[in-house]
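Bear in mind that the values here come from a model prediction, so they are computed numbers and not experimental data. Note on naming: letters A, B, ... go to the chains in the order of the sequence lines (proteins, then strands), and numbering restarts at 1 for each one.
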Number of protein chains: 2
Amino acid sequence: MHTHGNPKVSSSAEEYLLTLYRLESSGERAGSSQLAKMFGVKAPSVTGMLRRLSERGWVRYQRYRPPELTEEGRRVAVYLVRRHRLLETFLVRFLDYSWEEVHEEVQQLEHTVSDSLLNHIDRKLGHPNYDPHGDPIPDEHGNMPEHKLVPLTRLEEGSQAEVGRVDNRSRHLLTVLGEIGAFPGANVTRLAGTSNGKLSVRVGRREIQIDGDVARLIWVKPNRSGSAAS
Amino acid sequence: MHTHGNPKVSSSAEEYLLTLYRLESSGERAGSSQLAKMFGVKAPSVTGMLRRLSERGWVRYQRYRPPELTEEGRRVAVYLVRRHRLLETFLVRFLDYSWEEVHEEVQQLEHTVSDSLLNHIDRKLGHPNYDPHGDPIPDEHGNMPEHKLVPLTRLEEGSQAEVGRVDNRSRHLLTVLGEIGAFPGANVTRLAGTSNGKLSVRVGRREIQIDGDVARLIWVKPNRSGSAAS
DNA sequence: TGACTAAGTTCGTCATGCCTAACTTTGAAC
DNA sequence: GTTCAAAGTTAGGCATGACGAACTTAGTCA
Ligand SMILES: [Mn+2]
Ligand SMILES: [Mn+2]
Ligand SMILES: [Mn+2]
Ligand SMILES: [Mn+2]
């Protein structure tokens with residue numbers, strides 16, 4: 001249904017759109033050989049795929065230049081993001097997956113799940129707005145819920161906040177945070193003291209030291225009172 | 001894990017193995033053009049696929065003769081049956097699918113679901129032995145639980161029985177039986193009277209007349225006391 | 001024993017995705 | 001401005017899975 005009138009998309013093609021979308025969202029751009037590395041293929045395969053995607057109108061592509069998604073391509077990608085995040089949420093909430101495992105597991109599934117199944121899942125989950133990592137789940141029209149979050153590093157010492165989103169690029173971070181229960185929704189307090197690049201945080205009754213680099217991957221919603229700093 | 005050391009199976013190839021297995025189980029055999037019809041492809045495509053399957057050792061195939069599964073091919077097929085039936089069970093029990101819809105929905109999924117996901121599902125379901133239609137679910141070793149059932153037509157008039165399995169080839173039958181709650185486990189009583197080829201059955205407090213042809217698709221487990229007839 | 005038809009196969013072709021080897025472009029360093 | 005390495009593309013090949021057209025086989029009926 002939501003693939004509109006599109007003449008079928010293969011898993012590979014979908015993977016390209018998704019990746020291009022994620023790159024675009026984070027302001028990065030990648031050329032053929034970088035994409036090749038990401039997909040675990042060789043550069044000529046990328047060139048070939050980009051040509052096909054561009055013929056189908058999902059990607060704007062001129063040789064020797066980094067590709068860009070078309071509006072159409074972005075629409076397909078956003079719907080894929082929806083599938084991905086709904087599936088992640090489902091696996092965590094209904095099948096006891098941990099938030100570290102789930103991204104991997106969804107890689108194949110996201111390309112196969114039917115609109116019908118996705119709707120059943122969405123309904124069963126109560127139409128969630130965020131996935132287990134706090135990433136927004138686009139609705140059926142591609143609208144992305146936004147929350148205004150601040151990286152943990154910007155939280156004033158002594159202030160409280162709610163965990164909003166944890167960047168899922170570091171599996172290790174997810175494991176650590178999972179162990180202390182620092183999931184989206186959890187309450188955190190930034191404690192005073194910043195010894196050698198690390199900052200201290202209290203979650204529940206536990207305290208941990210987090211490296212600055214890593215803390216930047218944790219996004220929080222400060223509790224009412226002002227709190228932006230640094 | 002359970003695909004052993006097999007050098008990857010495509011969805012199409014899996015579909016062939018599954019179909020050949022189902023044909024073999026029901027004692028039928030089909031040649032290329034019949035298979036072609038089932039898969040919605042043309043005959044030459046079947047010949048090609050059978051050649052590939054036979055090269056990989058999953059099918060014994062000599063031209064102009066109906067193909068047969070090898071032991072190896074059967075093993076793959078049985079594991080597919082497991083995936084199919086577990087998924088059906090899951091969709092019905094956890095995602096509010098009806099037992100009519102579920103077979104269709106699982107067609108794609110059965111080829112994509114990872115062993116890990118399947119294990120999670122199996123665990124969550126409590127390692128079920130039968131799917132929503134009463135079909136046995138093979139365990140991880142390919143062992144099929146068997147139940148000794150009798151077609152409804154063989155049930156003595158006046159006897160009670162438990163619905164064991166409903167052949168899922170007639171969607172309409174599934175709908176009708178679903179409406180009166182005649183799922184596996186339900187209690188049925190065969191009533192006296194067999195007007196023009198139909199036989200009467202009571203399920204719960206409702207009575208229905210079922211055509212003989214159709215009743216043969218319903219398999220029951222008679223309640224202790226003897227009951228085979230006709 | 002043929003003859004004929006339906007079933008089945010072979011052949012050449014296409015699209016998708018992937019590869020290696022060989023070539024071209026780009027852009028940065030000099 | 002020229003040079004040169006890295007990035008990117010083209011060309012040619014392979015496997016899969018599908019197609020139509022043309023050919024072969026099997027089995028039935030005379
Ligand atoms: Mn994927
Ligand atoms: Mn996520
Ligand atoms: Mn299938
Ligand atoms: Mn079933």
- Item | Pairwise side-chain contact, A:Ser12 with A:Phe39, heavy-atom cut-off 4.5 Å (strictly under) |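 Counting from C-beta outward, A:Ser12 and A:Phe39 never come under 4.5 Å.
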Is the shortest distance from a Lys or Arg side-chain nitrogen in [X] or [Y] to a carboxylate oxygen in the other one below 4.0 Å?
{"X": "B:Arg171", "Y": "B:Glu100", "answer": "no"}
{"X": "B:Arg85", "Y": "B:Glu88", "answer": "no"}
{"X": "A:Glu28", "Y": "A:Arg22", "answer": "no"}
{"X": "A:Glu72", "Y": "A:Arg75", "answer": "yes"}

- Summarise how protein sits on nucleotides 8-21 of chain C as a single string, 5' to 3': B when a protein heavy atom is under 4.0 Å from the base, S for sugar-phosphate-only contact, - for no contact. SBB-----SBSBBB
